[in-house]
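Data first, discussion second: the structure below is written as structure tokens.
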Amino acid sequence: SKPSEKIVVATAANVQYVMKEIQQEFEKESGKKIEIVVASSGKLTTQIREGAPFDVFVSADTKYPEEIFKNGGSDLKPEVYATGALVLWSKDIPETDLNPQILATGQVKKIAVPNPKTAPYGEAAVQALNALKLYEQTEKKLVYGESIAQTAQYITTGSVEAGFNALSIVLSPEMKGKGHYILVDSSLYKPIQQAAILLKHSETSPKKESSEAFYKFLYSPKAKAIFKRYGYK
Amino acid sequence: MEIDFSLPGNSILALTGPSGAGKTTLLRQIAGLAIPGSGRVTFGQNQWLDTANGIHLPAQQRHIGFIFQDYALFPNMTVMQNLEFALTRNRNTELVGHLLETAGLTQLADRKPHQLSGGQQQRVALARALVREPELLLMDEPFAALDPDMQLQLQDLLLKLRRERPFTVILVTHDMGEIFRLADQVAIMENGRLTRIGTPGEVYLNDKIEGLLVYGEVLTLERNNETLTIHAWIDGKIRQLDIPSHLETQMQPGTRFTLHFGAGNSEIRVLKT
Amino acid sequence: MEIDFSLPGNSILALTGPSGAGKTTLLRQIAGLAIPGSGRVTFGQNQWLDTANGIHLPAQQRHIGFIFQDYALFPNMTVMQNLEFALTRNRNTELVGHLLETAGLTQLADRKPHQLSGGQQQRVALARALVREPELLLMDEPFAALDPDMQLQLQDLLLKLRRERPFTVILVTHDMGEIFRLADQVAIMENGRLTRIGTPGEVYLNDKIEGLLVYGEVLTLERNNETLTIHAWIDGKIRQLDIPSHLETQMQPGTRFTLHFGAGNSEIRVLKT
Amino acid sequence: MTIHPFIHSLIQTKLDFQPLLLTFKLASITSILLLVIALPIAYWLVFGKFKGRGVVEALIGMPLVLPPSVIGFYLLLAFSPSHWFGALIEDWLGLRLVFSFQGLVIASILYSLPFMVYPIRAGLQSLPASLREASYTLGKSEWQTVVKVLIPNCKPAILTAFVLTFAHTVGEFGVVLMIGGNIPGVTKVASVAIYNEVEALNYPAANAYALVLFAITFIILLLVYSINNRLLRVRQPA
Amino acid sequence: MTIHPFIHSLIQTKLDFQPLLLTFKLASITSILLLVIALPIAYWLVFGKFKGRGVVEALIGMPLVLPPSVIGFYLLLAFSPSHWFGALIEDWLGLRLVFSFQGLVIASILYSLPFMVYPIRAGLQSLPASLREASYTLGKSEWQTVVKVLIPNCKPAILTAFVLTFAHTVGEFGVVLMIGGNIPGVTKVASVAIYNEVEALNYPAANAYALVLFAITFIILLLVYSINNRLLRVRQPA
Ligand SMILES: Nc1ncnc2c1ncn2[C@@H]1O[C@H](COP(=O)(O)OP(=O)(O)OP(=O)(O)O)[C@@H](O)[C@H]1O
Ligand SMILES: Nc1ncnc2c1ncn2[C@@H]1O[C@H](COP(=O)(O)OP(=O)(O)OP(=O)(O)O)[C@@H](O)[C@H]1O
Ligand SMILES: [Mg+2]
Ligand SMILES: [Mg+2]
């Protein structure tokens, strides 16, 4: 199909691994082509507001899609397609020793978290540290990654001794087997809900129908199963 | 600077005077490269500058040739290209070859300026200024870095070109021979003013000095057979002179004397101290 | 280039010859600014260059003064700073003031080079080269852009400084008067070779002449009855001389000649051009 | 025979060459257009008579001061059809600058302006005044003087400006990502592709892209500098 | 009285000045250190005898070619204590380069190298050879010649280099973001702060930061250029 008829899916960076598989599955099922454009949720939101030619926006949280909805970028309210899980991850500390308490000890000099201002996993990590009453002891050790991917780089290159990240990243094929991780108790942070939104199309748009189809597919059991394999709930 | 002079058409004016007098500045003002606080410049029928009436013809339209004291050759062009750059459309392209030839530059036509000696650069600057067949040629010490032969050759070229097609020349120079050889008029500039202007004869020959007097001081005196030889300090240097033997008693070490070249005879006169 | 010459210590050599002959190149090689393909340079007891033995003393250690044809003043420094830059520690700081004074630069001490006229720049270059009290002074047309008075004045300064502290000078010049006034030896360079070397008399008159030779150039010639009167440019002044009438055909304007003061008689000899 | 795993992974990576082509297309167009724009600006800064040159000079440097993605953000706002400027361009030229190649070119030009202007300005400033004057006395117009005399005589400066601009546009991605929207074949240049691969934690692909970009640009610069060094050898009299 | 909402939101924004201070500290230190490093490199590129200069010249330009965040990524690998280089530095100097101000300085120096070297190189290249030679004949060492003659006489080029480097370091954020880790007071510079605010869709704060950064740098550049224009006025004989 022509490029102009491809569905363009704006995808938050940390969902891109799953999206690849979703894309394959959808293309197989529907015969329609998808183009995935990856950037941070904030950038994509700004671009959508300024008229970027995207059809569906798959965000890493609920805040950005709601912002778009409020600004009239869509007729449909955003919907949560998956809920993420937070992990504590380290390159060198063995799984048996890995627990939140170790962060307060001298063994850990730096802790990487995604920027809590922009990344939902970062927000969750800070919530968890607070809930464990570890925040004050560890605040000085925190370094902030611009994105979940950058935080993963800090951890896997050994630039920090440990850090928080998304289960989906740890399970991704690229990161498999790099270091050790434990799941953080999900009661310690608010659920990390990730929402998508179907962007406005004119009635005559050739892509209107296929975009709707893709949007629907995101919430299908087939997609759910893929999300699950990547550690989403 | 306060300058006021006019010049008959197609004549050669030599501009001379002490270093820093303002010769280059005057030349630049005539060329339109510098603008005086106030003043007027007229060439033939054309008003080039009149500060009172806000007239200021840019250098490009004055149809002049200018030879800079530092040559100002274009470093990116070869000698040939420097000359060709000066060509206007519909102009005599043969002139370029002719000028190169006369200035002895044919062999160097493909060199860049930084591959030339000082005198070669000066010749290129001269040739380049002539390519345009200017009506007024302004030259800032154009022959200073040249050997006497080349000087004569280029001065002859200049005179020859003026015979073929008359044009006016203003030339800054310090060389008296050049002034007498080339100039119809000479102007002496001092401290930003023209102190004298006239033909070389008018300007200089009233001030002439009769004969030549050279001062000296005896250092040693020696007699060899008939001849008397002294070493003397003359004109800043030690020189050996043979002198008439009757001067022996007068010319003892320490004596000051003059040598006088007069009408065919030299004389030695002892100075009283 | 094929050059082979030696020079008595503390003498003045004038290097002359047509434009492009290689004078500047030779000077640069002596200074260590250019390296010849092969050759040797010795100064006094010191080996400066010996390509066969891989000896090459850098310019800094040759203790020379060099006056560039384009002056090479430092644009970022004032006149004073240009001179002070040349001072070595433990050196005569009074000399700077003295040199400024003699070169007529005291008033201009705070100017930058681009605010100076051509001749003023040349004087700064000369003064700067002398600050270091070099043992060998290499000068590339150092007086070319100066008026005759200033030329004489600076030539006198040079001679005076040499009287106080002898040093060797090699000087590129095209000015015959300068050669006769200053040079102990003159070398003519043509096409990269020294074609002649000797005293000015030997070189220009083919005569091993002793005594005083004064150089002149005929400006005008006049016959009044029996006497033949010339105006000539001699030693920086226009002088009127009466000359033997048989010289009429030879002493046309433009002729270069010498006055020789020998054994009681002066002689006029015409120079070949 | 054993192959280092890094090289192995490089060989195995299938590269998409479109972003690379797009990069060099963008860099070439930007550099050439910018040269044309920057020359008169630099000339005016050096030889112009206007008093407020210092202000303009400082303003030209401003694109350097803000992070690229922030400049991209402001350009996005300005280029967007809902802004008067974007609307104007769309009305007049029928061109939408956001998410289009033309928009990238304009953004890159704005962003790289100081890289082109400043070095050329410095080059023109250090030419001796007599070169210009000599050309004027030969009857040449200001334009001829600039083209035939001034520009050829500050080649090292212009070369520096061009190289800085070219290389900088190759490496630029903040602005491009923001107003380009990462659309394959249109605005997805190599730097964005590398960024994406790194973000996707797909290091072998990122390395491969980086290596190719590096190698091509290195060869270009090497050629440029070798030619330059041959042409502009420091003067050494024979 | 009504106030434009943009200005209103600016006034209401409480700015954290620490990132701004940190930015100018980083930019100053980087520019000064880089000047010291770049001068000998540029000198050697122009006057050195070594054949392979073209290669070195091209290599110096390479930091421009890769997207900053990618350079940051490679630097992160190198600086990390698990890499031999990072380990060496930590062992020898007790300095961890990742997430430290020192690391930012080193990264900025590497990243801005071409901005400093290239213009200075072009400036040195266009000086007449006789200046150097004159200094040598006056018995001055190579060092004295460089310091007293060559550097003062290519001021416009050095100024350009300095301004480009300074402004570029102010605006740089890709590398800084990557190896700095965004730590308040240590590595969170203004450009990163602006970036964060834009990402968080907190535009008034971003605008306020951008404006302050803009204003301060504008004033600095304006001063620099005014002084420069006064000092280096194009030669106009009286
Ligand atoms: N960089 C260069 N490359 C090639 N040839 C050069 C270079 N510099 C000088 N030459 C040539 O070398 C020869 C000697 O030059 P040099 O400057 O030594 O002459 P000169 O005797 O000083 O002449 P002048 O009296 O005109 O200054 C000239 O023919 C000149 O063209
Ligand atoms: N840019 C400048 N700023 C200030 N004074 C200057 C400037 N240029 C020249 N001058 C001064 O103006 C006076 C006249 O200079 P000009 O160059 O016209 O002299 P000149 O007669 O050509 O001397 P020369 O024979 O030495 O070349 C000199 O005293 C010089 O110092
Ligand atoms: Mg003059
Ligand atoms: Mg010479």
Side-chain angles (χ1 to χ4, degrees), chain D residues 46-47 53-55 57-59 61-71 73-74 114-115 118-119 121-123 125-129 154 156-157 159-160 163-164 167-168 170-174 191-192 194-195 198 206 210 213-214 217-222 224-226 229 232 234-236, chain E residues 46-47 53-55 57-59 61-70 73-74 114-115 118-119 121-123 125-129 154 156-157 159-160 163-164 167-168 170-174 191-192 194-195 198 206 210 213-214 217-222 224-226 229 232 234-237:
Chain D
V46 176
F47 299 111
R53 273 179 303 164
V55 176
E57 237 156 348
L59 272 180
M62 287 298 110
L64 281 171
V65 170
L66 293 183
S69 64
V70 175
I71 296 182
F73 169 65
Y74 288 122
F115 296 96
Y118 283 168
R121 185 187 142 287
Q125 206 173 40
S126 58
L127 286 179
C154 56
L159 186 83
T160 296
V163 165
L164 282 176
H168 188 246
V170 168
E172 214 303 287
F173 92 108
S191 58
V192 172
I194 300 179
Y195 174 76
V198 171
L213 206 60
F214 217 79
T217 321
F218 179 75
I219 291 169
I220 294 176
L221 293 199
L222 190 62
V224 165
Y225 279 114
S226 304
N229 281 342
L232 295 159
V234 182
R235 303 170 183 189
Q236 288 290 6
Chain E
V46 176
F47 299 111
R53 274 180 301 164
V55 176
E57 239 157 347
L59 273 180
M62 287 298 112
L64 280 170
V65 170
L66 293 183
S69 62
V70 176
F73 174 64
Y74 290 125
F115 296 96
Y118 283 167
R121 185 187 142 288
Q125 205 173 39
S126 58
L127 286 180
C154 56
L159 186 83
T160 295
V163 165
L164 282 176
H168 188 248
V170 169
E172 213 304 287
F173 92 110
S191 57
V192 171
I194 302 180
Y195 175 78
V198 171
L213 204 61
F214 219 77
T217 322
F218 179 75
I219 290 169
I220 295 176
L221 292 199
L222 191 62
V224 165
Y225 278 116
S226 305
N229 282 341
L232 295 159
V234 182
R235 303 171 183 187
Q236 289 290 6

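Letters A, B, ... mirror the listed sequences (proteins, then strands); counts begin at 1. These numbers were taken from a predicted model, which means no experiment stands behind them.
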Item checked: E/Val65 versus chain D, the contacting section by heavy-atom distance below 4.5 Å -> both
Check: Any side-chain heavy atom of E/Ser126 within less than 4.5 Å of one from D/Cys154?
Finding: no
Margin query: As a test of understanding, state which of D/Val163, D/Val170, D/Leu222 forms a side chain to side chain contact (heavy atoms under 4.5 Å, CB included) with D/Thr217.
Written below: D/Val170
Next item on the list: Against chain D, label E/Phe73 side chain, backbone, both or neither, depending on which of its atoms sit under 4.5 Å from a heavy atom there.
Entry: side chain
Notebook entry, point to check: So D/Phe115 and E/Phe115, would you call those rings parallel, tilted or perpendicular, with 30° and 60° as cut-offs?
Noted result: tilted
Margin query: So does D/Val46 get a backbone contact from the side chain of D/Arg53, meaning a donor-acceptor N/O pair under 3.5 Å?
Written below: yes
Notebook entry, point to check: Is it true that D/Tyr118 and E/Tyr225 have ring centroids separated by less than 6.0 Å?
Noted result: yes
Check: chain D heavy atoms under 4.5 Å from E/Val198: which part of the residue, side chain, backbone, both or neither?
Finding: side chain
Next item on the list: Could you list the residues that satisfy side-chain hydrogen bond (donor to acceptor under 3.5 Å, both in side chains) with E/Glu172, not counting sequence neighbours?
Entry: none
Check: Under a 4.5 Å heavy-atom cutoff, which of E/Ala157, E/Gly174, E/Pro63, E/Gly54 has the most pairs with chain D?
Finding: E/Gly54
Note to self: Using heavy-atom distances under 4.5 Å, tell me whether D/Val55 contacts chain E through its side chain, its backbone, both, or neither.
What the structure shows: both
Check: Which bit of D/Leu127 is near chain E, if near means a heavy-atom gap under 4.5 Å: side chain, backbone, both or neither?
Finding: neither
Item checked: chain D contacts, top residue of E/Pro114, E/Ser191, E/Pro67, E/Gly123 (heavy-atom pairs, under 4.5 Å) -> E/Pro67
